[in-house]
Number of protein chains: 2
Amino acid sequence: MPKVGMEPLRRKALIDATISAIGERGSLDVTMSEIAGRAGVSSALAHHYFGAKDELLFATMRHILSELNTDTRRALGLAVTPRQRVSAVVAVSFSDEQFQPETIAAWLAFYVEAQKSAALRRLLKIYARRLNSNLMSGLTGILPRAEADRVAEATAALIDGLYIRRALKDGVPDAQTAIALVEDYLETKLSGRSLP
Amino acid sequence: MPKVGMEPLRRKALIDATISAIGERGSLDVTMSEIAGRAGVSSALAHHYFGAKDELLFATMRHILSELNTDTRRALGLAVTPRQRVSAVVAVSFSDEQFQPETIAAWLAFYVEAQKSAALRRLLKIYARRLNSNLMSGLTGILPRAEADRVAEATAALIDGLYIRRALKDGVPDAQTAIALVEDYLETKLSGRSLP
DNA sequence: GATTTTTCATTGATTGATCCGTCAATAAAA
DNA sequence: TTTTATTGACGGATCAATCAATGAAAAATC
């Protein structure tokens, strides 16, 4: 069975297993054995490819954010008007790929872990900055700078808040409702406005 | 030193120590020894009064939510108009007592833990329901039912989102700005409206 | 008021379980 | 024969939880 070129396959399998394990258990308190087991390998192999648990978790978070980024770029590519850009960012955040319980649970768990790990914190700051930048790329075409800043901040907070509530399966259960809430907010802030 | 009636004092000290330990470390991964040490007692005593670590954590979360509730009731008591009731709820959420890094970090950590612990999940659901109910107690005096529901949901999500961002010390660092953001949202949704 | 007894407070030491990370060994391509 | 893939077993560290033992206040007894 041992064939060459297993590394990328195993890495992918282990990262997927990490997401599903974290998603099911709802926290980063998953053992290397459990993750490896889900990926169909021994825990020793997980250590072989990732060195330490920290690095596996880090790689997993990077993978999640990377997918979010890819999806966002694709959606932004299709948007034409500034208003569409804003909606595209929102839509992706609650898309089927991103708004899954497993992913959300992992995202939340990483948020907590970021308080301990400087590396994770850096990663999440990048996410936050990117989300802000993506929102601003649309908002600055509609609102004056200062106001755009505030709306971006509020929208980002709103998205994060809906995420966390989803994680607890409390209130706003489905993506449709979540999008509607954010869009409703944006509409009241943007309606009737145009480039000043 | 051993005197009678130590129990309530120790319990309080241990809960305070738990909050500060969690706040400093940023997660529930604190040992009983560390907590006990901060409270100036042995870990055996912590077990003596709380039985298990779970119960100490549970008691700590209950304490945090209980304080939030007390403050909210006081603020609501001073509010006269429905609009003031809404603002009171928001103000308390970001008051000096509630919006402290330690408390926020603990709150976030408990959010994650709630996915594992049914007891904690129940506690947080109560918090969510109470927050919603408190907001609605003002909003129903201003908006029609359906719309009030949506605004309450969005406001709650906004508050939670600002909390989580505060935990990461990213964006919206101070309470003033946070309150301004939420109030700005409320103003756009409520301005010019009155009981239909 | 002096004593004995009971209750409460407290801890050091220990146990048992969990889990990360390592390592030597195996097996199959290349 | 060298490289790559893979694992079982193990060492070592950490911790939650227990327990027997100690000391000191309070209550009961005389």
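Here the structure is a predicted model, which is why all the values come from computation and not from measurement. Naming: A, B, ... by sequence-line order, numbering from 1 per chain.
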Side chain of [X]: nearest nucleotide among [options]?
X       : options                : result
B:Thr31 : C:dT11, D:dA16, D:dT7  : D:dA16
B:Ser42 : C:dC20, D:dA5, C:dT11  : C:dT11
B:Ala44 : D:dT6, C:dC23, D:dC19  : D:dC19
B:Lys53 : D:dT6, D:dA16, C:dT22  : D:dA16
A:His47 : C:dG21, D:dT18, C:dT11 : C:dG21
B:Arg10 : C:dG21, D:dT18, C:dT10 : C:dT10

Lys/Arg-Asp/Glu bridge criterion (N-O < 4.0 Å) met for [X], [Y]:
X        : Y        : result
A:Glu113 : A:Arg121 : no
B:Glu102 : B:Arg25  : no
A:Asp16  : A:Lys12  : yes

Output the rounded distance in Å from [atom1] ([X]) to [atom2] ([N]).
X       : N      : atom1 : atom2 : value
B:His48 : C:dA13 : NE2   : C1'   : 18 Å
A:Arg11 : D:dT4  : CZ    : C1'   : 15 Å
A:Leu45 : D:dT4  : CG    : C1'   : 11 Å
B:Tyr49 : D:dT18 : OH    : C1'   : 17 Å
A:Phe50 : C:dC20 : CZ    : P     : 15 Å
B:Glu34 : D:dA16 : CD    : C1'   : 15 Å

task: Quick one: closest heavy-atom pair of A:Ala36 and A:Ala46, and the distance?
output: CB-CB, 4.4 Å
